[in-house]
Asker: 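Can you read through this structure? Questions will come right after.
Chain A is the first sequence line, chain B the second, and so forth, proteins listed ahead of strands; every chain is numbered from 1. Computation of the quantities below employed the complete heavy-atom set of this structure, encompassing side-chain atoms and omitting hydrogens, waters and symmetry-equivalent molecules.
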Number of protein chains: 2
Amino acid sequence: MTINPATNPSASEYPQTAQTTARRHRERISYDAGKVHALLDELYYCHAVIAHAQPGPMAMPLFHARVGETLYMHGSTGAGSFLNARDGKVAMSVTATSIDGLVYSRSWFHHSANYRSVIIFGQAQLVSDPEEKWDSFVALVDRLGPGRSGDSRSPSKKELAQTSVLKLSMDAVSYKERNAGVGEDPDDLDLPHWAGVVPLRLQAGEPSPAPGVTTEAPAYVKELHTV
Amino acid sequence: MTINPATNPSASEYPQTAQTTARRHRERISYDAGKVHALLDELYYCHAVIAHAQPGPMAMPLFHARVGETLYMHGSTGAGSFLNARDGKVAMSVTATSIDGLVYSRSWFHHSANYRSVIIFGQAQLVSDPEEKWDSFVALVDRLGPGRSGDSRSPSKKELAQTSVLKLSMDAVSYKERNAGVGEDPDDLDLPHWAGVVPLRLQAGEPSPAPGVTTEAPAYVKELHTV
């Protein structure tokens, strides 16, 4: 029996569904809620796909924040107006990916990449409840640094009205990862070619204050650079 | 009159179509082929969406290589078997995104991100012509370093048969970018909060040779780390 973290927060695995069953590289897939949460909380954006979008489905990059088993996305894109027009829920999938390394093999065939990726299928809708909208806005701003929402001016009524937030219930979720060295055909091990892995990582540079800013950068900004 | 680089290589702009007309932030959109090419050639992967996929459209992370106005993708995922089953062309969109910075404003409302993103709409199919398949494989391997295909063993007949490559014609293409400082409401400029931009960049770490490799890493591998 599988218990879904989306409906039971003490569960640690998402149920395997038809949507989240891997067709290839089954050894790379996982339904572990901890891994899913960690990746979503590390990445700053995801790609959202609305199934019935016109003129055709496309992946939209959106800033996101996870709260429990709900993914909130800054929805002031075509997605917002689309959902408004539908006035309800719509099927959506979200993919969030990190490329973690380039894998150089002695053969073309085994060149690869290390990566982590989450795919979520669920129902999306615009957040309409005022309290939930406020809380989701806090969560989105705090993705730029814990407590950032307390370090900046909260929105006016007009700004709130101009902001649309999408929420996606994380109904069917899977996690895929390649985190390994070089795969190699045993016959190739004596070939003279260099083989190995080059790790990749999204890194923050030096913070650049806006004109007129005299206060010191907060710790959550400085720490990004040293990570 | 617009001339499409996909049909006329001397053209420098993609035509604006219904699919690639921005609904918001029109000032951020461009159809410049040079910008599109540069971003696709910098990024190691994209997210591909097959319109009519079952159980529903989702964004698949795929390694890609651009050759002229064709995007080749390593297709040994569900996409390959799906296209095989269809035995022909299928509508596909591809999004490739780079997050370039976090933008901290004095107000919640103006927090933002710097980014570059390309969206492509076109027809996808599996590469079946043996010569084109070979050339696309070269292009994909060379994305890990110019000349890498000459520095590793080319595929056997069996390996070639096991590899599927997707090709997408870049029919309708747009580019979006935010590359700016902090947007601010003039009334907020005297607030005491820190505001500024933290640049983000995908960076390579130290190459890690596979066990038994004694040759020096090639220049294209070493240079990744110093970039």
Asker: Grab the two heavy atoms, one from A:S93 and one from B:A59, that are nearest each other, plus how far apart they are.
Answerer: OG-N, 4.3 Å

Asker: Of the backbone (N, CA, C, O) and the side chain (C-beta and beyond), which part of A:S105 lies under 4.5 Å from a heavy atom of chain B, both, or neither?
Answerer: backbone

Asker: Can you tell me which of B:P199, B:P155, B:G196 forms the most heavy-atom pairs within a distance under 4.5 Å of chain A?
Answerer: B:P199

Asker: Identify which part of B:V213 has an atom lying under 4.5 Å from any heavy atom of chain A, answering side chain, backbone, both or neither.
Answerer: both

Asker: For chain B, which residues from residues 109-117 of chain A lie under 4.5 Å away (heavy-atom distances)?
Answerer: A:F109, A:H111, A:S112, A:S117

Asker: With only heavy atoms counted, which part of A:V182 is less than 4.5 Å from chain B, the side chain, the backbone, both or neither?
Answerer: side chain

Asker: Please classify the contact of B:P192 with chain A as side chain, backbone, both or neither, using a heavy-atom distance under 4.5 Å.
Answerer: backbone

Asker: Would you list the pairs meeting salt bridge (Lys or Arg N to Asp or Glu O under 4.0 Å) in which at least one residue belongs to residues 140-153 of chain A, sequence neighbours left out?
Answerer: A:R153-A:E159, A:R153-B:D188

Asker: I'd like to verify something: which residue of B:S154, B:P218, B:A48, B:S156 has the highest number of heavy-atom pairs under 4.5 Å with chain A?
Answerer: B:S154

Asker: Pick from B:R106, B:H193, B:E206, B:E216: which one has the most heavy-atom pairs with chain A under 4.5 Å?
Answerer: B:H193

Asker: Can you label the angle between the B:W108 ring and the A:W134 ring as parallel, tilted or perpendicular, going by 30° and 60°?
Answerer: tilted

Asker: Can you check side chain to side chain contact (heavy atoms under 4.5 Å, CB included) on B:L200 and A:L224, steps first, answer last?
Answerer: CA-CA 9 Å; B:L200 296 174; A:L224 285 172; 5.9 Å; no

Asker: Please determine, among A:G212, A:A195, A:P207, A:P211, the option with the most heavy-atom pairs under 4.5 Å with chain B.
Answerer: A:A195

Asker: Are the side chain of A:S208 and the backbone of B:V197 linked by a donor-acceptor contact shorter than 3.5 Å?
Answerer: no

Asker: Which atoms of A:L144 come close to chain B, meaning under 4.5 Å heavy atom to heavy atom: side chain ones, backbone ones, both, or neither?
Answerer: both

Asker: For chain A, find which of B:V141, B:T97, B:V198 contributes the most heavy-atom pairs closer than 4.5 angstrom.
Answerer: B:T97

Asker: What's the spacing between B:R201 CZ and A:Q203 CD if we round to 0.5 Å?
Answerer: 10.5 Å

Asker: Where does A:E184 contact chain B at under 4.5 Å (heavy atoms): side chain, backbone, both or neither?
Answerer: neither

Asker: Checking heavy atoms, do the side chain of A:I99, its backbone, both or neither come under 4.5 Å from chain B?
Answerer: both

Asker: Sort A:V138 into side chain, backbone, both or neither according to what part of it lies under 4.5 angstrom from a heavy atom of chain B.
Answerer: both

Asker: Less than 4.5 Å to any heavy atom of chain A: does that hold for the side chain of B:Y45, its backbone, both, or neither?
Answerer: side chain

Asker: State the CE-OG distance between A:M58 and B:S174, to the nearest 0.5 angstrom.
Answerer: 7.5 Å

Asker: Of the listed residues (A:L202, A:V49, A:V221), which shares the most heavy-atom pairs with chain B below a 4.5 Å separation?
Answerer: A:L202

